[in-house]
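Okay, structure first, notes after.
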Amino acid sequence: MPLSANDPNRTSWLYVNKYSDFPIQNIPFGVFLTREHIITIGTRIGDTAIDLGAMHQLGYFDGIPLTDDIFLQDSLNDFIADGRKTWRAVRNRVAEVFDSENATLRDNTKHKEIICFRLDEIEMQMPVHVGDYTDFYSSKEHATNVGAMFRDPENALLPNWLHVPVGYHGRSSSIVTTHIAIHRPQGQTMPEGATKPVFGPSKLVDFELEMAFITTDANDLGEPIPVSEAEEYIFGLVLFNDWSARDIQKWEYVPLGPFLGKNFASSMSPWIVTLDALEPFRVESPKQSPKPLPYLQTKGKHSFDIHLEAGIVPKGGKETTVCKTNFKYMYWNMAQQLAHHTVNGCPVNSGDMMGSGTISGPTEDSYGSMLELTWKGTKPLKMKDGTERKFINDHDTVVMRGYCENDDVRIGFGQLKTQLLPVFKK
Ligand code: MN
C-alpha cells in the first residue's frame, strides 16, 4: 500500500503553523478525553485534535475493514494489533479527508463540530496499555561515558557490548504520559565513604533522554522475528524520559541490574508517531565493528534522523536547554533490538514498549542524562535563573522534544513535560 499520507505537497484545510510538529504528513495516534469527557482514539493536525471514533461513526472510514468500536477504546492496543495494512489505510484516509482540496468534511460544519477539538478542550491520556516494557542500552557514547565514570576509562565498554544489544526488563506499571507529575523516590543507598547503607530520599534523581518504540503482536512463543522483518512489527515511536535515581541504582544493581532506582517512573509522550511518517528521515546507523553475528546483520538505512533535546524549568522560572542530541547516534537499531529480543522465542505483544536507552551523542552538550552532562555532579550546569544543577531538584520540570526536518516537511513528537515533586507524603 502506498504511503499517500506522506505526500509532501499536500496541505490541509486546517491551519498548521509552519513550525508545527504536526503537519498533515504526520498523523500520529493518541488517546484523549473529549470536552464531553468521552475517551476516544484520535489524531492531530496542527493544533486541532481529531476524534477518529466520531469520524468512523460518521462514515469517513467507509471501505476500510474496521470493527465498529476500534476507535472507541481507552488504548490503541487493538488498533495496533490490526497490523500495518490497517494503520496505513487509516493514515491515508485521514490525509485525504483533511486535504485542502477535499470539501466533504471541510464544508460540513455540523460534522466538524463533532470531530474537531481545540487542544485546550481535550486531555491527553496514555496512548497504549503497555503490557511489557524493555529498556535497551544502545548508545555507544552513553555506555562508554557510564563505563568510564563507574569502572575504568581504558575498558569503558564491557566485552559483550559490541556483540549484544544489552537490555533489561523494566516495569510498565509506572509508565505515565506527559504532564503527570512524579515523586522523588526514597530508597536504600550507600553514601560515599559510609560503611552501612542508609534509607531516605534519593539525592541524585536524573532524567534519561530516550525514545521508545511500540510494537504490534509479533510472534508466538518460541518463534524468533528475523531482523529483516522486524520493522513490520513496529507501530511507531514516542519520546521517553526514563527517570533514574542514580544513588539507589549504584547500590542495588549488582549483580542483577536495574531495579528500584529505575521503576519508580518513566514518562512517554502522548502522540505515537508512526514509523511510516518517519520514512523520509531514514539514515544509516553508525558503522558496526566488529560485524555483528548474522542474526543481527542489517543492510540499508535502519536509523532515523530525529533531533532531540531536553530542558529544565525551575519552579516559576524559564527553561534552560541542557542537551541536544539525535536518535541517529544509536549504535544498535530498532530492527536489531527486536530481532535480538525475540531470537530466544520471547513473544512480543501489541502495545509493548522498547526503550532505546539514554541517547548520548559525541559532544559534551549532547549527553542524554545529567549524570553525563555534569560528569557525576563534578561540573554543575548553570540555569538561566542563576542557580546550578547537578541533578534534578524538587519542583523542576523536565521537558523533552523531538523532530525531524527536511526541505519539505517537519515531523515531530510535540513535548513531554514532567514535574518532579518532593517525596510522597500521605
Ligand atoms: Mn533507560
Side-chain angles (χ1 to χ4, degrees), residues 130 132-150 156-158 160-161 164-178 180 182 184-185 187 202 204-215 237-254 256-269 306 308-310 322-323 325-327 329-334 336-338 340-341 352-361 366-374 376 391-392 398-400 402 413 416 418 420:
V130 180
D132 275 308
Y133 155 47
T134 299
D135 198 25
F136 285 93
Y137 189 56
S138 288
S139 155
K140 190 175 174 185
E141 288 81 0
H142 173 67
T144 304
N145 287 339
V146 173
M149 262 184 262
F150 289 105
L157 285 183
L158 287 168
N160 62 357
W161 199 92
V164 176
V166 170
Y168 73 96
H169 286 126
R171 185 147 177 101
S172 50
S173 64
S174 53
I175 299 176
V176 293
T177 192
T178 188
I180 304 294
I182 63 161
R184 178 179 297 274
S202 164
L204 310 180
V205 174
D206 198 357
F207 65 80
E208 290 192 333
L209 176 49
E210 303 194 17
M211 299 206 73
F213 67 85
I214 308 294
T215 62
L237 281 101
V238 292
L239 301 169
F240 193 56
N241 182 350
D242 190 26
W243 292 93
S244 300
R246 300 299 180 194
D247 41 359
I248 297 173
Q249 183 183 357
K250 191 181 174 203
W251 173 232
E252 74 176 358
Y253 87 106
V254 182
L256 286 186
F259 192 28
L260 305 186
K262 292 283 186 176
N263 70 7
F264 60 95
S266 304
S267 311
M268 71 187 283
S269 54
I306 306 172
L308 299 168
E309 60 176 62
V322 294
C323 160
T325 183
N326 196 303
F327 187 65
Y329 296 137
M330 303 295 299
Y331 186 84
W332 296 104
N333 62 50
M334 294 183 283
Q336 291 174 319
Q337 291 170 337
L338 192 51
H340 182 67
H341 203 309
D352 282 2
M353 172 177 245
M354 314 262 169
S356 57
T358 305
I359 304 167
S360 293
S366 65
Y367 297 164
S369 65
M370 293 299 276
L371 177 71
E372 296 162 86
L373 289 163
T374 70
K376 262 203 307 190
F391 288 89
I392 305 301
V398 174
V399 186
M400 292 182 176
F413 293 78
L416 171 60
T418 317
L420 178 67

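The shown structure was predicted, so the numbers you read here are calculated from the model rather than taken from an experiment. Counting convention: from 1, in listed order, for ligands and their atoms alike.
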Practice task
Say whether, by atom type as modelled, one donor and one acceptor occur between the side chain of R184 and the main chain of S202 under 3.5 angstrom.
Solution key: yes

Exercise for the section: Please confirm whether the backbone N or O of M211 pairs with a side-chain atom of S356, one donor and one acceptor, at under 3.5 Å? Expected result: yes

Problem - Parallel, tilted or perpendicular: ring planes of Y133 versus Y168, cut at 30 and 60 degrees - result: perpendicular

Handout entry: Check: Q249/S244 side-chain N/O donor and acceptor closer than 3.5 Å
Key = no

Completion exercise
Any protein N, O or S atom under 2.8 Å from the Mn ion (ligand 1)? Found D135 OD2, E208 OE1, E210 OE2, D242 OD2

Handout entry: Spacing of T178 atom OG1 and M400 atom CE [to the nearest 0.5 Å]
Key = 11.0 Å

Exercise for the section: Identify the residue among D135, L237, L338 that makes a side chain to side chain contact (heavy atoms under 4.5 Å, CB included) with M354. Expected result: L338

